[in-house]
Every structure is written in C-alpha cells, then in structure tokens.
A.B. asks: 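Before I ask anything, let me first share the structure, which is written out below as structure tokens.
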Amino acid sequence: MSKQDRITPRTLKGFRDYPPELALPRERIIETARHVYRSFGYAPIDTPALEYLEILTGKGSEETDKQLYRFTDHGSREVGMRFDLTVPLARFAAQYAQQLGLPFKRYHIASVWRGENPQKGRYREFMQADFDTVGSTGVASDIETVVVLHTLLRACGFERFAIRINHRGVLDGVLDKAGLAGRSAPVLRALDKLAKIGPEKVAEDLKQTAEASATQIDAVLQFASLTGENATLLAEIQRLVAGNATGEAGLERLRETLTGVAASQIDPGGEAAVRIDPAIARGLDYYTGLVLETLLTDLPGIGSVASGGRYDNLAGLYTSQSLPGIGASLGVDRLLAAMEELGQTGAARTPADVLIVYFAEDRLADYLRLSATLRAQGIATELYPEPKKLAKQLQYADKRGFRVALIAGPDELARDECQLKHLATSEAISTPLADVVTTVRRLLDSI
RNA sequence: GUGGCUGUAGCUCAGCUGGUUAGAGCGCCGGAUUGUGAUUCCGGAGGUCGGGGGUUCGAGACCCCUCAGCCACCCCA
C-alpha cells in the first residue's frame, strides 16, 4: 500500500483512547463503584446501547434531544444511542415491573453518548456509574443516596469534596410564593448558573427568559444566595417558605435527610462534606424531590462529578403503574479527567506486582513454576518473555511500575533460593524458594 | 451548534516583521558496565512543522478550507 493510500489512524472528536496508564485507574474507579454499590445491596443490570428512538426522545430535556445520536438502522428502524442510564432504567422498570418486585435497587455502569462540544472532562462518549432505587418514596432512600455517594468518593481516594443538596419542593415553594410557579423551568435553569455567572447576570437572565418582575427576581436571588451552616440555612429557608405547603414539606424532607446522613456516621468530622446549596436546581426535567451535585474542592471548574435526585414518575411515559425512585450517577470519565489533572492517576502501566526475570534460558521450567505458585496465591505475576540481559529486564520492570523483581539465576537456584528486589528502594533480599510467597507478600505489604 | 485561542521530534516547548541543511530540554536507542533498573559520562536515531489548497523567487510563519485539543455560550457526568 502506498503512503498516499494509507489511512490516518485517528479518533473522533470527543471520543478518546485509554492507554494502560489511564485504563488502569479508570478500571479502579469502576471496580470501586461496583464494590460500593453491591455493599448497599444494589444489583447489576445491563441494557442495550441502542434503543428505539421514541424511547429516548423527550425524556431528559429538549437539550438532550438535540444531542442525541440517532440514525435509521439496516431494517429501517429509527433508533438512538442512550444519552444516560436513567431513561433506559425507566424503560426497563416499566417493561419488567411485574417480575422485578418493588423496591428494586439496581446499579448500571456503562457508556453513554451525547453529541455536544467537548471540553476537559466533557466527552461525546463517556461512562456513567448509576445506582437507583425504584419503588420507594421513603426518606431512607434519600439518605442512602447521599451516603452511597459519600462512601464512593471516599473509596476513590477523595477527601476534599462537597455533596451539595437541595430539594425541588423548596424551590417550588419559593417560586410559588413569588408568583413564578408556572415558569419554574426557565427560572431553575437560570438559578443553576448562579455560582458561575453571579447574581447580576442571573437577574438579567430571569428577566428575559422568565419575564420575572424586579420583586420576583429579588425573592429568587435572596433565596439562592443564602449561605452558611446547614442549621442556619434550614432556619432561613423556613422563613422563606413559611405558609407554603410544598415548600414546607420539601424543607422538612431536607431536614430529615440531613439528620439521617448524620446518623449514618459517614462524616465523623462534622457536616462539612454534605451541604445545603439553594442554588442547585438541576436542568433535567424529571426531578421532583431531592437534587444533588458533587464538586471536588480542588477542581470545581470541571463541574459535578456525581449528581442525581428523586423523580416521582419516571416511567410514566411507558406504563400506568407509578414508579417513583431516586438515584445518582458517578461520571467515571469526568472523575478520571479530574484525577489526571490532579496527578492522582499513578504512573503504573501494569496490573502485576511482581516481574520474574527470565534469567537462564534453560531454567524456564523453574520460572514457570514460580509464576504459577505466586499467582495461585493471588499475587499478580508476569514472567518476562525472553532471556534478555538482566539490566534490560530490570529496566522494563522499573518503567512499567512493577513493585518487585524476582531474580533467580543459576547461583540462586543452586541454593534453592531467589532474590527479591524492591524496585523503589533497590533493596534486595534473599529468600528460600519454599518461602517465596510469604516473603513476597510481606514485601508488598510493607511498601 | 455558535464564537475565541492553540496545533513544530515520543513529551514540554523555542523558532524575531516570510529568507539557506528546523532547534533545546526531557525521553528513546547503543556503549562505558556480558549478574542488577531509576544516578553519571560518551555516542546515535528520530520531524508529512495536524491535513489539503493558495499567495510568493522563496511559507513552520501570510490567506482560505478542513481535522483535533482547550476555553466561553448552551447544557451537563
């Protein structure tokens, strides 16, 4: 093939490749999410990447409709690629409601697609790790959602983050009292931008998109600009929603949620990580109760890495059965981008801990036996594939991020021993072959 | 989708108002060191200047188109 005919290897805008040093921490996030979700009793499901177009359109917001990847398949069906995992859950729950039984708790870790312009932490193909409880309206599920997110972020190695929570009922109450009840969608959308663009621009926005009066704008901004400790906020909000049933109910729910979170003892240091934020509204139309977003303290600009909320009737478009639920979604690839930016991805390019040096060509059987012994005890072990010179193999071990090199040349083998070299400190110790597993394990534990 | 900035070696970047054979640091390969990597010394390889077209005696630089990244709008994970 001539040079001109050759196809340039490249990836589509907004789509990315994951080399080992990225795929390794990415898989770690996925495994952590899976582990945390399962520990709370959520069961895995999976659904197709492609759905009938009618399943997907008109569900998230008009924006998601615009971003939908859609096409006609080979059988002339109008189809679309899922843009989140919540809509497929709604379809799934409606379709199998009879067999599933309620409440139904599921997690779903999979890729979704949105045709929007990419930025850092914002891709056209990205993975979400969702967990939801369908069929329960109790506050316990609200509490659990916050607790799961907190546990998950901690398990991913984050200490500095804030789960910001709010309640749509409170928002509705405030809007109702201000006489803006019918215009909640544009108002909430404007509110959502408060932290980013400031009160003046939000006011302008409210005036234009929601045709709000000066008094109305004032009422909304006064609410959204509230800051302080959760207890203070609860009291302030109480004042603002007083006399409005929806608002008071929402506030009470928010209070119960915070009390429950405290009882869950996820945050022994206090309430710092879970905070009421009156400006959190969420653009998605289907939320009706608790709404939440998670921001990383050291990288707020990348946006929410995990968010969600309560929806009272997600499956209403597919079934007459009422299927309320609550859940949240971890943005796996956004969190990964944040970790990259913060230098938290690590440098390892191998999942194995031990590299066995292929030292003497005629001792391959010994090396294979040693490899098998270590692996049988759960120690990930790679045997170098060729009897190249020692320096080469050690260099390889170092570059890939192995922690221990096992060296067994003719001298060591003659004494039924091997050498274990700790790559980071360059310390080497000798150990009898019979003890190799315990010694390696001790070495790895000490690192 | 709209607008702005950017795109030079594997990586980070330099390259003055267009002027000979496009540079640096790091990395990579080889050797000093045929049983010990990451340090030191010596040598070496590596560039369609994102891609295509145009202006010009001459383009990495200027113009147009295109692809990609980043940022903003919008929206969100």
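Every value quoted in this text rests on a predicted model; they were computed, and no experiment measured them. Order of the sequence lines fixes the chain letters, A, B, ..., with proteins taken first and strands second; residue numbering starts at 1 for each chain. Reckoned from all heavy atoms, side chains included, excluding hydrogens, waters and symmetry mates.
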A.B. asks: Whole Å only: how far is the CD1 atom of Ile302(A) from the C1' atom of C71(B)?
C.D. replies: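 My rounded result for the distance is 13 Å.
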A.B. asks: Would you classify Gly121(A) as touching base, sugar-phosphate or nothing, given that sugar-phosphate means primed atoms plus P, OP1 and OP2, and contacts are heavy atoms under 4.0 Å?
C.D. replies: base
A.B. asks: Run the ring-centre check on His108(A) versus Phe131(A) and record whether the distance is less than 6.0 Å.
C.D. replies: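 Ring centres of Phe131(A) and His108(A) not closer than 6.0 Å.
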A.B. asks: Please list each protein N or O that sits under 3.5 Å from an N or O in nucleotides 38-41 of chain B, with the distance.
C.D. replies:
residue : atom : partner   : partner atom : Å
A38(B)  : O4'  : Asp398(A) : OD2          : 3.1

A.B. asks: Return each pair, listed once, that meets side chain to side chain donor-acceptor pair (under 3.5 Å) where at least one residue sits in residues 19-36 of chain A; pairs must be two or more places apart or across chains.
C.D. replies: Arg26(A)-Asp333(A)
A.B. asks: Working to the nearest 0.5 Å, report the span between OH of Tyr69(A) and CG of Leu50(A).
C.D. replies: 13.5 Å
A.B. asks: Mapping Asp205(A) and Leu330(A) to their closest nucleotides on RNA chain B, which lands nearer the 5' end?
C.D. replies: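 Nearest-nucleotide comparison on RNA chain B picks Asp205(A).
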A.B. asks: Name the atoms and distances for all side-chain donor-acceptor pairs under 3.5 Å in residues 405-420 of chain A, with sequence neighbours left out.
C.D. replies:
residue   : atom : partner   : partner atom : Å
Glu412(A) : OE1  : Gly409(A) : N            : 3.0
Glu412(A) : OE2  : Gln419(A) : NE2          : 3.0
Arg415(A) : NE   : Glu417(A) : OE1          : 3.3

A.B. asks: Pairing of RNA chain B as dot-bracket, 5' to 3': ( ) intra-strand, [ ] crossing, | other strand, . unpaired, with Watson-Crick or G-U pairs under 3.5 Å?
C.D. replies: (((((((..((((.....[...)))).(((((.......))))).....(((((..]....))))))))))))....
A.B. asks: Side chains of Tyr287(A) and Asp312(A) only: does a donor on one sit below 3.5 Å from an acceptor on the other?
C.D. replies: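 There is no such pair between these side chains.
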A.B. asks: Rounded to whole angstrom, note down the C1' distance from A68(B) over to G51(B).
C.D. replies: 11 Å
A.B. asks: Not counting sequence neighbours, list each pair that qualifies as a side chain to side chain donor-acceptor pair (under 3.5 Å) and has a residue in residues 390-401 of chain A.
C.D. replies: Glu382(A)-Tyr396(A)
A.B. asks: Nearest to the side chain of Tyr123(A), heavy atoms from C-beta on, is which of A72(B), G35(B), A77(B)?
C.D. replies: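 Nucleotide nearest to Tyr123(A)'s side chain: A77(B).
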A.B. asks: Does a distance-only test, which skips hydrogens and angles, find a donor-acceptor pair under 3.5 Å between the side chain of Arg334(A) and the base of C76(B)?
C.D. replies: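 Present.
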A.B. asks: Classify the nucleic acid contact of Leu335(A) as base, sugar-phosphate or nothing, counting any heavy atom under 4.0 Å across all strands shown.
C.D. replies: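 No contact.
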A.B. asks: Atom CE of Met127(A) and atom P of A77(B): how far apart are they, to the nearest Å?
C.D. replies: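 Atom-to-atom, Met127(A) to A77(B), this comes out as 16 Å.
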A.B. asks: Counting C-beta onward and ignoring hydrogens, is there a side-chain heavy-atom pair between Tyr42(A) and Thr133(A) closer than 4.5 Å?
C.D. replies: yes
A.B. asks: Not counting sequence neighbours, which residues clear side-chain hydrogen bond (donor to acceptor under 3.5 Å, both in side chains) with Arg160(A)? List them please.
C.D. replies: Asp298(A)
A.B. asks: Among residues 355-367 of chain A, which ones have heavy-atom contacts with RNA chain B below 4.0 Å?
C.D. replies: Phe359(A)
A.B. asks: Report the distance from atom NZ of Lys388(A) to atom P of U36(B), rounded to the nearest whole Å.
C.D. replies: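 Those two atoms, NZ and P, are 18 Å apart.
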A.B. asks: Please name all residues satisfying side-chain hydrogen bond (donor to acceptor under 3.5 Å, both in side chains) with Thr72(A), sequence neighbours left out, ordered by chain then number.
C.D. replies: Glu78(A)
A.B. asks: In whole Å, what separates the C1' atom of G18(B) from that of C63(B)?
C.D. replies: 13 Å
A.B. asks: Taking the C1' atom of each, how far is G58(B) from U20(B), in whole Å?
C.D. replies: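 One C1' to the other, the span is 11 Å.
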A.B. asks: Has Phe126(A) got its ring stacked on A77(B), by the test of a centre gap below 5.5 Å and a plane angle below 30°?
C.D. replies: yes
A.B. asks: I'd like the C1' distance from G25(B) over to U34(B), given in whole Å.
C.D. replies: 32 Å
A.B. asks: List every contact pair, protein side and nucleotides 65-69 of chain B side both N or O, where the distance is under 3.5 Å.
C.D. replies:
residue : atom : partner  : partner atom : Å
A68(B)  : OP1  : Lys13(A) : N            : 3.2
G69(B)  : OP1  : Gly14(A) : N            : 2.9

A.B. asks: Strictly distance-based, threshold 3.5 Å: is any side-chain N or O of Arg334(A) a donor or acceptor partner for the main-chain N or O of Val305(A)?
C.D. replies: no
A.B. asks: Expressed in angstrom and rounded to an integer, what is the separation of Arg400(A) atom CZ from G37(B) atom P?
C.D. replies: 18 Å
A.B. asks: Let me know the distance between CE of Met81(A) and C1' of A77(B), rounded to the nearest Å.
C.D. replies: 17 Å
A.B. asks: Give the intermediate values and the outcome of salt bridge (charged side-chain N to carboxylate O under 4.0 Å, His left out) for residues Glu159(A) and Arg154(A).
C.D. replies: CA-CA 6 Å; Glu159(A) 298 286 334; Arg154(A) 275 281 169 87; 3.5 Å; yes
A.B. asks: Given the P atoms of G23(B) and G30(B), what is the spacing between them in whole Å?
C.D. replies: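 Rounded to whole Å, the distance is 26 Å.
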A.B. asks: Quick one: the side chain of Lys389(A) and the base of U34(B), do they pair up donor-acceptor inside 3.5 Å?
C.D. replies: no
A.B. asks: Check each of Thr288(A), Asp142(A), Thr137(A) against Arg310(A) using the side-chain hydrogen bond (donor to acceptor under 3.5 Å, both in side chains) test, and report the only one that passes.
C.D. replies: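 Single side-chain hydrogen bond (donor to acceptor under 3.5 Å, both in side chains) partner of Arg310(A) among Thr288(A), Asp142(A), Thr137(A): Asp142(A).
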A.B. asks: Expressed in whole Å, how much space separates the C1' atoms belonging to A14(B) and U8(B)?
C.D. replies: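 Straight-line distance between the two C1' atoms is 10 Å.
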A.B. asks: Base, sugar-phosphate, or nothing for Ala129(A), non-hydrogen atoms under 4.0 angstrom?
C.D. replies: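 Ala129(A): no heavy atom of the nucleic acid under 4.0 Å.
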A.B. asks: Quick one: list whatever passes side-chain hydrogen bond (donor to acceptor under 3.5 Å, both in side chains) with Gln377(A), sequence neighbours left out.
C.D. replies: none
A.B. asks: Kindly indicate whether the side chain of Glu125(A) and the base of A77(B) share any N or O donor-acceptor pair separated by less than 3.5 Å?
C.D. replies: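 There is none.
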A.B. asks: Using the C1' atom in both, what is the distance from A45(B) to G50(B), to the nearest Å?
C.D. replies: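 These two C1' atoms come out 24 Å apart once rounded.
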A.B. asks: Under the side chain to side chain donor-acceptor pair (under 3.5 Å) definition, can you give me all pairs with a residue in residues 337-364 of chain A, not counting sequence neighbours?
C.D. replies: Arg16(A)-Glu340(A), Asp353(A)-Arg403(A), Arg363(A)-Asp366(A)
A.B. asks: Below 4.0 angstrom from OP1 or OP2 of G30(B), is there any side-chain N or O of Lys392(A)?
C.D. replies: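 The answer is yes; a side-chain N or O of Lys392(A) sits under 4.0 Å from OP1 or OP2.
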A.B. asks: Ala391(A) has a side chain; which of G37(B), A77(B), G35(B) sits nearest to it?
C.D. replies: G37(B)
A.B. asks: Roughly, in whole Å, what's the span from OH in Tyr396(A) to C1' in U36(B)?
C.D. replies: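 Result: 18 Å.
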A.B. asks: For Tyr107(A), which residues count as a ring pair (Phe, Tyr, Trp, His ring centres under 6.0 Å) partner, sequence neighbours excluded?
C.D. replies: Tyr37(A)
A.B. asks: Please state whether the phosphate of A77(B), meaning OP1 or OP2, lies under 4.0 angstrom from any side-chain nitrogen or oxygen of Ser304(A).
C.D. replies: no
A.B. asks: Find the distance Ile109(A):CD1 to A77(B):C1' and express it as a whole number of Å.
C.D. replies: 14 Å
A.B. asks: Below 3.5 Å, does any donor atom in the side chain of Gln393(A) face an acceptor in the base of G35(B), or the other way round?
C.D. replies: no
A.B. asks: Looking only at atom C1', what distance separates A9(B) and G15(B), rounded to whole Å?
C.D. replies: 14 Å
A.B. asks: Identify whether the distance between the nearest side-chain nitrogen and carboxylate oxygen of Arg91(A) and Glu51(A) falls below 4.0 Å.
C.D. replies: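 Looking at Glu51(A) together with Arg91(A), the answer is yes, because their closest N to O distance falls below 4.0 Å.
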A.B. asks: Give the rounded distance in Å between these two atoms: CG of Leu295(A) and P of A77(B).
C.D. replies: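 That distance rounds to 12 Å.
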A.B. asks: What distance separates Ile302(A) CD1 from Leu299(A) CG, expressed to the nearest 0.5 Å?
C.D. replies: 5.0 Å
A.B. asks: Gln128(A) side chain: which of G35(B), A77(B), G1(B) is closest?
C.D. replies: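 So the nucleotide nearest the side chain must be A77(B).
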